[in-house]
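Numbering of ligands and ligand atoms starts at 1, following listing order.
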Amino acid sequence: MTAIIVVGAQWGDEGKGKIVDLLAENADMVVRYGGGANAGHTLKVNGQKIVTHLLPSGVLHPRATCVLASGMVIDLAILLAEVRELEARGLSVRERMVLSPRAHVTLPFQAAIDRAANAGPQSIGTTGRGIGPTYSDKAARIGARVGDLLDPTRCERVLEQLIEPWRTRARAIGATLPTAEEAMAYITPIADELRPMLGDASIAVDRALKRNDRVVFEGAQGTLLDLDHGTYPFVTSSNTVAGGACTGVGVGPTQIHRVVGITKAYCTRVGHGPFPTELVGSAGDSLREAGEEYGATTGRPRRCGWLDLPALRYVARVNGLTDLVVTKLDILTGYKLIPVCVGYTVHGEFTEEFPIDSLDEASPVYEDFAGWTEDLTGARTMADLPETAQDYLRMIEARVGVPIAMVSVGADRAQTVACHDVFAGRS
Ligand code: GDP
Ligand code: IMO
Ligand code: MG
């Protein structure tokens, strides 16, 4: 049996969706463990593009069970729309879904509060999908859980308990709140369709592992957006790191075999917050255009910059990475020299550590690596890559101290170089 956690190794949008879709080809179950519709995971198969926000990215493989675990925050209307969209394309989804009754629900008013708060001077540039309010309601123990809202005998009481405490604050930021009855009217038709999908995610995963099934836990966002280990306060409101899979699903750490970190060959960030290797001006613009770096959820332009090795080492440590996947290597074609951050100076001292607590006072130190001019999108083995591209990958592997399992050279499922089988690990 193999249980694999896939995490974003940067600030999100590393290409997790593409890689989880690939891994799911050989998996029996794919599990989302945290976050909500702030995620936007792009899958491209034979030129057709699909973006999932809530459904696990293994959903295109008809034999994969798709689990939405209790660590998630779920906008039920978005979930239902995603299920229907795939069904309209001829893919049956609901029979192989397990929707945790303990996941929390994001209601439209929480998204409105998120957007109203986000418009102010303290904005961190959220996706406006209601993530912060839903997780803060969960922590405040007034949240509405999927199981509560799908149960007609509990729904109204739970909605009242959630909405009433918001009245004063909502007025102050100009957001309007529904009454519990209005919220009920919104929930009821959705609830009827989603109720058959309810199931205990922890038990489903446990049974799968006992059957020796292959289970992929799909992270959302990225490690540097983690509530505890990211660039706080410019983070999301959940634990995006590998440990978040254990708490978010109800699976013990001893059950996990491998932790795979996905990183771009360069770096992007969407939203505000520190980004030491960011390229501003035309250099950033050309990387953005080459990489088509626009958010899959909000369409916002992503900030672009060079790879940050101290950050990657930090990410390898806090997740316990066993494997790396490098994506978008094709986008670096044409750069004569590729600068990479190899360390920082903080108050005049050089360090190879990622100075997460003093990024404002830290300056990246770069080394240049030889680039290449060849189009990489047709490469399917390491030997197909130019020598300098292979050197770039070997340099990342050596300096992060984690073996590279796959290299992605294009958005399509097929545009991938496999170095070793992630399920088996490198021998
Ligand atoms: P995720 O949130 O981590 O799943 O990533 P997103 O889907 O938000 O963003 C990654 C973008 O890069 C998507 O548009 C993908 O189709 C695209 N992509 C993924 N891997 C590659 C690659 O190797 N090369 C290119 N050119 N595009 C890629
Ligand atoms: P995927 O799964 C990139 C960012 C937002 C903002 C911060 C907080 O596609 O990689 P939130 O709406 O979560 O309260 O916003 O986190 N953010 C993401 N950035 N990819 C994501 O998801 C993100 N999810 C949240 O831009 O800076
Ligand atoms: Mg994304």
- What are the two closest heavy atoms between Asp200 and Arg102, and how far apart are they? OD2-NH1, 3.7 Å
- Between Ser408 and Lys18: side-chain donor-acceptor atoms closer than 3.5 Å: yes
- Looking only at N/O atoms, are Asp13 and ligand 2 under 3.5 Å apart anywhere? yes
- Message: Can you tell me which portion of Phe234 lies within the under-4.0 Å heavy-atom range of ligand 2? Options are side chain, backbone, both, or neither.
- Response: neither
- Query: Is it true that the side chains of Thr126 and Asn118 contain a donor and an acceptor less than 3.5 Å apart?
  - Reply: yes
- Provide the number and element of each atom of ligand 2 under 4.0 Å from a heavy atom of Ala220. 2 (O)
- Please determine, by modelled atom types, if Arg129 and Thr127 share a side-chain donor-acceptor pair under 3.5 angstrom. no
- Is Asp21 salt-bridged to Lys44, cutoff N-O under 4.0 Å? no
- Note on the structure: Distance col, row Leu80:CG vs Glu193:CD, nearest 0.5 angstrom, shows 4.5 Å
- Item | Within-cut-off N or O pair, Arg129 and ligand 2, under 3.5 Å | no
- Have Tyr344 and Asp308 got a donor and an acceptor in their side chains that come within less than 3.5 Å? yes
- Message: List ligand 2 atoms under 4.0 Å from Gly125, heavy atoms only on the residue side.
- Response: 5 (C), 6 (C), 26 (O), 27 (O)
- Item | Polar contact flag, side-chain donor to acceptor under 3.5 angstrom, Gln221-Thr236 | no
- Query: What atoms of ligand 2 come closer than 4.0 angstrom to any heavy atom of Arg300?
  - Reply: 5 (C), 26 (O)
- Test ring-ring contact (aromatic ring centres under 6.0 Å, His included) applied to Tyr335 and Phe369, Trp306, Trp372, Tyr392, the passing residue: Trp306
- Task: Would you kindly say whether Asn239 and Thr247 are connected by a side-chain donor-acceptor distance under 3.5 Å?
- Result: no
- Honestly, for Thr298 the part within reach of ligand 2 (heavy atoms, under 4.0 Å) is neither
- Message: Below 30° counts as parallel, above 60° as perpendicular, anything between as tilted: where do the rings of Phe275 and Trp11 land?
- Response: tilted
- Considering heavy atoms of the protein only, find what lies nearest to atom 13 (O) of ligand 2 and give residue, atom and distance to 0.1 Å. Thr236 OG1, 2.6 Å
- Message: A side-chain contact here means heavy atoms from C-beta on lying under 4.5 Å apart; do Leu307 and Thr263 qualify?
- Response: yes
- Query: What do you reckon, does Gly128 have a nitrogen or oxygen under 3.5 Å from a nitrogen or oxygen of ligand 2?
  - Reply: no
- Numbering the atoms of ligand 2 from 1, which are under 4.0 Å from a heavy atom of Ala39? 1 (P), 2 (O), 9 (O), 22 (O)
- Would you say Gly222 contacts ligand 2, with heavy atoms under 4.0 Å as the rule? no
- Query: Taking atom 1 (P) of ligand 2 as the point of reference, which of Gln221, Arg302, His53 owns the nearest heavy atom?
  - Reply: Gln221
- Below 4.0 angstrom from a heavy atom of Val235, which ligand 2 atoms are there? Numbered from 1 as shown, please. 7 (C), 8 (C)
- Message: Test of understanding: given a 4.0 Å heavy-atom threshold, classify the contact between Leu225 and ligand 2 as side chain, backbone, both, or neither.
- Response: side chain
- Message: If we set the cut-off at 4.0 Å for heavy atoms, which region of His41 has an atom near ligand 2: side chain, backbone, both, or neither?
- Response: side chain
- Query: To the nearest 0.1 Å, how far is atom 15 (O) of ligand 2 from its closest protein heavy atom, and which atom is that?
  - Reply: Thr126 CA, 3.4 Å
- Query: Distance only, no hydrogens: is a donor on one side chain within 3.5 Å (strictly under) of an acceptor on the other, for Glu361 and Ser358?
  - Reply: no
- Donor-acceptor side-chain pairing of Thr134 and Thr106 below 3.5 angstrom: yes
- Message: Would you say Asp323 and His420 are linked by a side-chain donor-acceptor pair, where the criterion is simply a distance under 3.5 Å?
- Response: yes
- Query: Counting from 1, what ligand 2 atoms have a heavy atom of Val270 closer than 4.0 Å?
  - Reply: 3 (C), 5 (C), 19 (N), 26 (O), 27 (O)
- Those atoms of ligand 2 less than 4.0 Å from some heavy atom in Trp11: 3 (C), 19 (N)
- Salt-bridge test for Glu387 and Arg394: reply yes if a basic N is under 4.0 Å from a carboxylate O, no otherwise. yes
- For atom 12 (O) of ligand 2, which protein heavy atom lies nearest, and how many Å away is it? Thr127 OG1, 2.6 Å
- Message: Would Asn38 count as a polar contact of ligand 2, with the cut-off being nitrogen or oxygen pairs under 3.5 Å?
- Response: yes
Name each N or O atom in ligand 1 that is under 3.5 Å from a protein N or O, and give the partner atom and the distance.
residue  : atom   : partner : partner atom : Å
ligand 1 : 2 (O)  : Asp13   : OD1          : 3.4
ligand 1 : 2 (O)  : Gly40   : O            : 2.9
ligand 1 : 3 (O)  : Glu14   : N            : 3.1
ligand 1 : 3 (O)  : Gly15   : N            : 2.8
ligand 1 : 3 (O)  : Lys16   : N            : 2.8
ligand 1 : 3 (O)  : Lys16   : NZ           : 2.8
ligand 1 : 4 (O)  : Lys16   : N            : 3.3
ligand 1 : 4 (O)  : Gly17   : N            : 2.8
ligand 1 : 5 (O)  : Gly15   : N            : 3.3
ligand 1 : 7 (O)  : Thr42   : N            : 2.8
ligand 1 : 7 (O)  : Thr42   : OG1          : 2.5
ligand 1 : 8 (O)  : Asp13   : OD1          : 2.9
ligand 1 : 8 (O)  : Gly40   : O            : 2.8
ligand 1 : 8 (O)  : Arg302  : NH2          : 3.2
ligand 1 : 9 (O)  : Arg302  : NH2          : 3.4
ligand 1 : 12 (O) : Lys328  : NZ           : 3.0
ligand 1 : 20 (N) : Ser408  : OG           : 3.4
ligand 1 : 23 (O) : Lys328  : N            : 2.9
ligand 1 : 23 (O) : Ser408  : O            : 3.1
ligand 1 : 23 (O) : Ser408  : OG           : 2.5
ligand 1 : 23 (O) : Gly410  : N            : 3.1
ligand 1 : 23 (O) : Gly410  : O            : 3.4
ligand 1 : 24 (N) : Asp330  : OD1          : 2.8
ligand 1 : 24 (N) : Asp330  : OD2          : 3.4
ligand 1 : 24 (N) : Gly410  : N            : 3.3
ligand 1 : 26 (N) : Asp330  : OD2          : 2.8

- Item | Check: Tyr294/Glu289 side-chain N/O donor and acceptor closer than 3.5 Å | yes
- Hey, which atoms in ligand 2 end up nearer than 4.0 Å to a heavy atom of Lys16? 1 (P), 2 (O), 10 (O)
- Once rounded to 10°, what is the value of the angle centred on the Mg ion (ligand 3) between Gly40 O and Asp13 OD1? 160°
